[in-house]
Number of protein chains: 2
Amino acid sequence: MDYKRRARILLIDDNADHLRGVKELVSMDGKYEVVGTTTSANIGIGLIKKYRPDLVLMDMNMPEKDGLAAMTDVEKLELGTKVIALSAYDDADLIFRAMKLGACGYIIKTMASAQLIHAMDEVTAGKIYLPTALTSRFFEHFQRSFKEDTAATSAENLLNYLTAREEEVLDLLTNGNNYKGIAGKLFISETTVKTHVNNIFQKLQVNDRTQAVLYALNNGFANKRKAAAQTKIAV
Amino acid sequence: MDYKRRARILLIDDNADHLRGVKELVSMDGKYEVVGTTTSANIGIGLIKKYRPDLVLMDMNMPEKDGLAAMTDVEKLELGTKVIALSAYDDADLIFRAMKLGACGYIIKTMASAQLIHAMDEVTAGKIYLPTALTSRFFEHFQRSFKEDTAATSAENLLNYLTAREEEVLDLLTNGNNYKGIAGKLFISETTVKTHVNNIFQKLQVNDRTQAVLYALNNGFANKRKAAAQTKIAV
DNA sequence: GATATTCTCAATCCAAAGATGTAAGACACT
DNA sequence: AGTGTCTTACATCTTTGGATTGAGAATATC
């Protein structure tokens, strides 16, 4: 690894003691150069702009500005800065949100220091590193958040009562078309569209187009249509 | 572990040779009881209904019915059956979709057999197991799929031009309210609501409420509001 | 061959939505 | 004191949307 320049690291942690400890640990390992440390998230963002580090170790639990907000800021800079989140807690939701925002790793502070170095190695090599235990926690949240989608597809879904033509009309409705637009696109008269739309309202048990569109979107209408299209290809 | 009854396993793999190999491997380990094996996904679903296994090892690449479709079926049964996906490929998209559908693990067939047993141990213990290498692949896809959300939030977003009151009105619009409903909920007159709504149309550059709702939903309006609410709490 | 469903179209009527202009009070900023 | 923005409100007018009823033609189903 010595042929490559050392990866440049920035540390952000409101706990000064922990900050010092991590700095020593990271400096000790020859592979990394600590280009800055700060206890303030906002200053940290400034330092990132200034020094363009390869990797940032960011504490998640800071009083002034929480780590997630800081991470959002880092991503907005679009400097390709990699971020490893540090936290005292293995909260599933926090892990999920950090990874969603683009964290390249997530380490619990009580973990062995070797694990931190390992995570840094992996991340600087372009990978994403999440300890096995945290991966499991992450998926708790991940799969729960997708359960709703599945439920929408499988459960009693009023969309199933729509005819093929009605689905087409609803599709155009969910793209913001009015009667005239739909009539033009389907080559049918406006009154026919009205008939279809009224039937759709009945079947979806709604009173107007906006509610119909919302029902469609909240009950996986787009997914349904895509799935149908895929079935056609597969068969 | 011996005080507990052995976990009951079902194997589904269209490759008969691989099926036999896995069966021997799993049977050898005393912890598991193989209650059935099949090379057909459809038959597999039937066997799950019949035997209610604790865990299913499911091949992802089957000609008759692909593993993802089979996994969907398993989830629909809602028997709490845990599924570990087996695949020859470490395709990021495939991993993502399998985990999204509720897989409790994902193993590449060429991995060491000890890894498979380890995954089974973890999964039967209620955890979710993804080898480190696959976790990294998974997150490639995961973070890419959320990049759009971030873009919607950060890029030129017409929603940013809305005033606080207009946001409230738009929020009620995106819940399917008409003028009267909004006026009632905000304790203002209907004509005032019309004024707000018209201003919203101008700012979002749309012609009617449906388009406004669609713009809001497609540009992270719900997320924005949630984020704003959280900021309030934090501060 | 009878029945049911779907898709098409029309007329009518009322309610709701949208466009436009005007304006007063509250509040912040300077 | 003055400017600007936000929120509130009303009047007016046009267009669009939605409800209802009825009905012919095509297609499937049995």
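This structure is a prediction, so every number in the text was calculated from the model and none was measured. Side chains included, hydrogens not; waters and symmetry mates left out as well; all remaining heavy atoms used. Proteins get letters first, then strands, A, B, ... in listed order; numbering begins at 1 in each.
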Completion exercise
Applying salt bridge (Lys or Arg N to Asp or Glu O under 4.0 Å) to Asp208(B) and not counting sequence neighbours gives none

Problem - ring-ring contact (aromatic ring centres under 6.0 Å, His included) partners of Phe96(B), counting only residues at least two apart - result: Phe142(A), Phe138(B), His141(B)

Practice task
Heavy atoms under 4.0 Å is the rule here; annotate nucleotides 4-18 of chain C 5' to 3' with B where the base is hit, S where only the sugar-phosphate is, and - elsewhere.
Solution key: --SSBBB------BB

Handout entry: Counterpart residues, salt bridge (Lys or Arg N to Asp or Glu O under 4.0 Å), relative to Glu190(B) (two or more places apart)
Key = none

Handout entry: Atom-pair distance (CD1 on Ile200(B); C1' on dA19(C)), nearest Å
Key = 15 Å

Handout entry: Divergence of helical axes at both termini of the helix from dG1(C)-dC30(D) to dT30(C)-dA1(D) - five pairs an end, 10° steps
Key = 60°

Exercise for the section: Check salt bridge (Lys or Arg N to Asp or Glu O under 4.0 Å) between Glu140(A) and all other residues, then give those that pass, not counting sequence neighbours. Expected result: Arg137(A)

Exercise for the section: Say whether, by atom type as modelled, one donor and one acceptor occur between the side chain of Glu166(B) and the main chain of Ile200(B) under 3.5 angstrom. Expected result: no

Problem - Partners passing side chain to side chain donor-acceptor pair (under 3.5 Å) against Thr195(B) (at least two apart in sequence or in another chain) - result: none

Exercise for the section: Report, as yes or no, whether the 6.0 Å neighbourhood of atom NZ on Lys203(B) holds more than 12 heavy atoms from other residues, nucleotides or ligands. Expected result: yes

Handout entry: Pairs where residues 41-60 of chain B contributes a residue and the test salt bridge (charged side-chain N to carboxylate O under 4.0 Å, His left out) is met, not counting sequence neighbours
Key = Arg5(B)-Asp54(B), Asp59(B)-Lys109(B)

Collect all protein-nucleotide pairs involving nucleotides 26-30 of chain D in which both atoms are nitrogen or oxygen and the distance is under 3.5 Å.
none

Completion exercise
For Lys185(B), the side chain to side chain donor-acceptor pair (under 3.5 Å) test, sequence neighbours excluded, returns Asn177(B)

Restricting both atoms to N or O, compile the protein contacts to nucleotides 26-30 of chain C shorter than 3.5 Å, with distance only.
none

Exercise for the section: Name all residues meeting the salt bridge (Lys or Arg N to Asp or Glu O under 4.0 Å) criterion together with Asp91(B); count only those two or more places apart in sequence or in a different chain, and write none if there are none. Expected result: none

